[in-house]
Undergrad: 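Here it is, the structure in full.
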Amino acid sequence: SEQVTSAQANTHQAADISRFLVNIFGLHATDELSLRSPSAIDLLDAANKEALRRFAKDPKSLATVLSHLGAAYGGLGAHGKGVELLRRAPAIRQKEFGDQDPETISLMNDLAAQLYNQGELAEGEPICRRLVELSAKSFGNEDERTLTAVNNLAQIEYGLGKLDEAEKNFRHAMKGRKKAFGEADARTATTTYQLAVVLFERGKLAKAEPFFRKALKAFEKTLPSGHSLISTARSSLGGIMVSLGRFDEAEPFLLKSYEQLTATVGPDHPTSRATINRIISMYTLWNKPAKAGKWRERVGRVTVSGPES
């Protein structure tokens with residue numbers, strides 16, 4: 001049947017790509033790869049050249065291979081070369097199968113992720129907006145792929161300082177994920193936490209607090225007890241309480257958070273530094289100068305600078 005034939009073709013394509021990658025990274029594909037000690041970048045350059053030759057008449061396979069190579073470049077810190085290939089991959093796929101093809105959408109998402117990781121938010125924003133459109137048309141508004149696209153767009157908007165739009169899209173993604181997976185799901189919890197951060201930065205402290213609490217409760221249920229996300233959420237919640245003048249409530253949250261953060265990510269981590277600042281602010285505002293002084297002494301051993309991650 002037609003479906004069987006298509007499945008067989010996909011299987012053959014996957015096998016061909018797999019053999020190619022094994023051969024390339026096993027240094028067996030071409031004489032060019034038989035260098036005595038090729039660097040990883042040299043190897044990827046040769047793999048790119050060989051892919052263009054081998055799959056010149058097979059755009060479906062070429063797009064997939066270029067995407068793999070682009071991600072590999074990015075992993076080695078060669079972001080320029082990586083993004084170049086990640087731009088080409090969806091363009092090749094789109095020309096053959098259209099922009100609503102699921103694999104085209106997936107390749108566009110790979111490009112957007114790489115741009116986000118590089119901090120190229122302005123270039124990534126229109127791609128993420130387009131991904132939201134295409135995902136909604138192809139998969140539906142409530143599909144996790146669409147909700148992920150909305151969440152990713154909100155992250156970029158947050159990074160660009162577009163807090164109005166980020167709040168709106170985080171709310172949309174949170175509502176969809178809560179309906180699909182429940183409030184305690186890690187995906188829902190992550191979006192809930194991100195929304196709380198935006199509300200906090202917009203000065204909506206009373207509105208942010210319940211979302212921090214919900215995220216913390218979900219993280220405690222779904223993540224290992226020592227996970228840094230739990231400590232980060234606990235620190236953020238403590239920070240809200242300090243800002244609201246509820247120092248006696250904030251104290252156990254911040255002290256426990258700092259203890260766990262230093263044990264997991266170390267005292268120099270941005271979140272650890274942010275937490276020690278919150279502790280000093282708490283004791284200062286609480287009119288407990290002796291305790292504030294003891295924590296300031298720790299600052300001599302920790303450089304308190306930089307934003308919280």
Side-chain angles (χ1 to χ4, degrees), residues 116-117 119 121 151 154-163 166-167 170 174 186 189-220 222-309:
Y116 178 82
N117 291 335
L121 305 185
N151 196 82
Q155 286 183 291
I156 282 190
E157 290 167 337
Y158 170 72
L160 290 170
K162 299 181 178 182
L163 300 186
E167 179 184 339
F170 277 135
M174 181 188 69
T190 299
T191 302
T192 301
Y193 178 79
Q194 291 168 324
L195 171 61
V197 170
V198 171
L199 291 170
F200 179 79
E201 294 200 10
R202 299 193 70 192
K204 300 179 179 181
L205 306 187
K207 290 184 177 180
E209 182 180 356
F211 289 116
F212 276 128
R213 289 189 180 277
K214 287 179 181 179
L216 175 59
K217 184 178 179 180
F219 288 150
E220 288 175 333
T222 58
L223 298 173
S225 59
H227 199 286
S228 61
L229 262 181
I230 297 174
S231 304
T232 300
R234 187 175 284 120
S235 176
S236 297
L237 183 54
I240 287 264
M241 294 171 184
V242 170
S243 297
L244 293 172
R246 288 158 36 200
F247 308 122
D248 56 337
E249 292 180 64
E251 185 178 34
F253 279 87
L254 291 176
L255 295 182
K256 185 174 182 179
S257 172
Y258 187 74
E259 177 186 355
Q260 293 182 331
L261 284 166
T262 53
T264 54
V265 298
D268 291 321
H269 189 275
T271 308
S272 301
R273 296 197 298 262
T275 302
I276 201 171
N277 269 338
R278 288 169 178 158
I279 292 170
I280 293 170
S281 295
M282 174 185 67
Y283 284 130
T284 301
L285 295 170
W286 202 359
N287 197 26
K288 295 191 175 186
K291 288 190 174 182
K294 287 182 179 180
W295 281 91
R296 284 195 182 93
E297 290 176 7
R298 297 194 182 195
V299 175
R301 301 190 294 273
V302 179
T303 304
V304 183
S305 61
E308 179 180 359
S309 64

Undergrad: Are Asn277 and Arg273 packed together at the side-chain level, in the sense that at least one heavy-atom pair is separated by less than 4.5 angstrom?
TA: no
Undergrad: What pair of heavy atoms forms the shortest contact from Met282 to Leu254, and how long is it?
TA: SD-CD1, 4.0 Å
Undergrad: Is any side-chain heavy atom of Thr271 less than 4.5 Å from a side-chain heavy atom of Ser231?
TA: no
Undergrad: Thr192: which residues meet the side chain to side chain contact (heavy atoms under 4.5 Å, CB included) condition with it, sequence neighbours left out?
TA: Met174, Thr188, Phe211, Lys214, Ala215
Undergrad: Can you tell me how far apart CD (Gln260) and OG1 (Thr232) are? Round to the nearest 0.5 Å.
TA: 10.0 Å
Undergrad: Can you list everything that forms a salt bridge (charged side-chain N to carboxylate O under 4.0 Å, His left out) with Lys204? Sequence neighbours excluded, please.
TA: Glu167
Undergrad: Looking at residues at least two apart in the chain, or sitting in another chain, which of them share a ring-ring contact (aromatic ring centres under 6.0 Å, His included) with Phe212?
TA: Tyr193
Undergrad: Please enumerate all residues that pass side chain to side chain contact (heavy atoms under 4.5 Å, CB included) together with Thr262, with sequence neighbours excluded.
TA: Tyr258, Pro267
Undergrad: Can you name the residues that form a salt bridge (charged side-chain N to carboxylate O under 4.0 Å, His left out) with Lys217, not counting sequence neighbours?
TA: none
Undergrad: Say you draw a straight line from CD1 of Ile240 to CZ of Phe200; how long is it, rounded to the nearest 0.5 Å?
TA: 5.0 Å
Undergrad: Among all residues two or more places apart in sequence or in another chain, which pass the side-chain hydrogen bond (donor to acceptor under 3.5 Å, both in side chains) test with Thr284?
TA: Arg296
Undergrad: Going by the rule side chain to side chain contact (heavy atoms under 4.5 Å, CB included), which residues pair with Tyr116 if we only count those two or more places apart in sequence or in a different chain?
TA: Leu121, Gln155, Ile156
Undergrad: If we only count heavy atoms from C-beta on, is the Val242 to Ile279 side-chain gap below 4.5 Å?
TA: no
Undergrad: Using side chain to side chain contact (heavy atoms under 4.5 Å, CB included), reason through Arg202 and Lys207 one step at a time and then give a plain yes or no.
TA: CA-CA 10 Å; Arg202 299 193 70 192; Lys207 290 184 177 180; over 6 Å; no
Undergrad: Once salt bridge (charged side-chain N to carboxylate O under 4.0 Å, His left out) is applied, what residue pairs with a partner in residues 191-201 remain, sequence neighbours excluded?
TA: none
Undergrad: Please name all residues satisfying side chain to side chain contact (heavy atoms under 4.5 Å, CB included) with Ala166, sequence neighbours left out, ordered by chain then number.
TA: Glu157, Tyr158, Phe170, Val198
Undergrad: With rounding to the nearest 0.5 angstrom, report the CG to CD distance, Asn151 to Gln194.
TA: 4.5 Å
Undergrad: Can you sort out the partners of Glu209 under salt bridge (charged side-chain N to carboxylate O under 4.0 Å, His left out), two or more places apart, ordered by chain and number?
TA: Arg213, Arg246
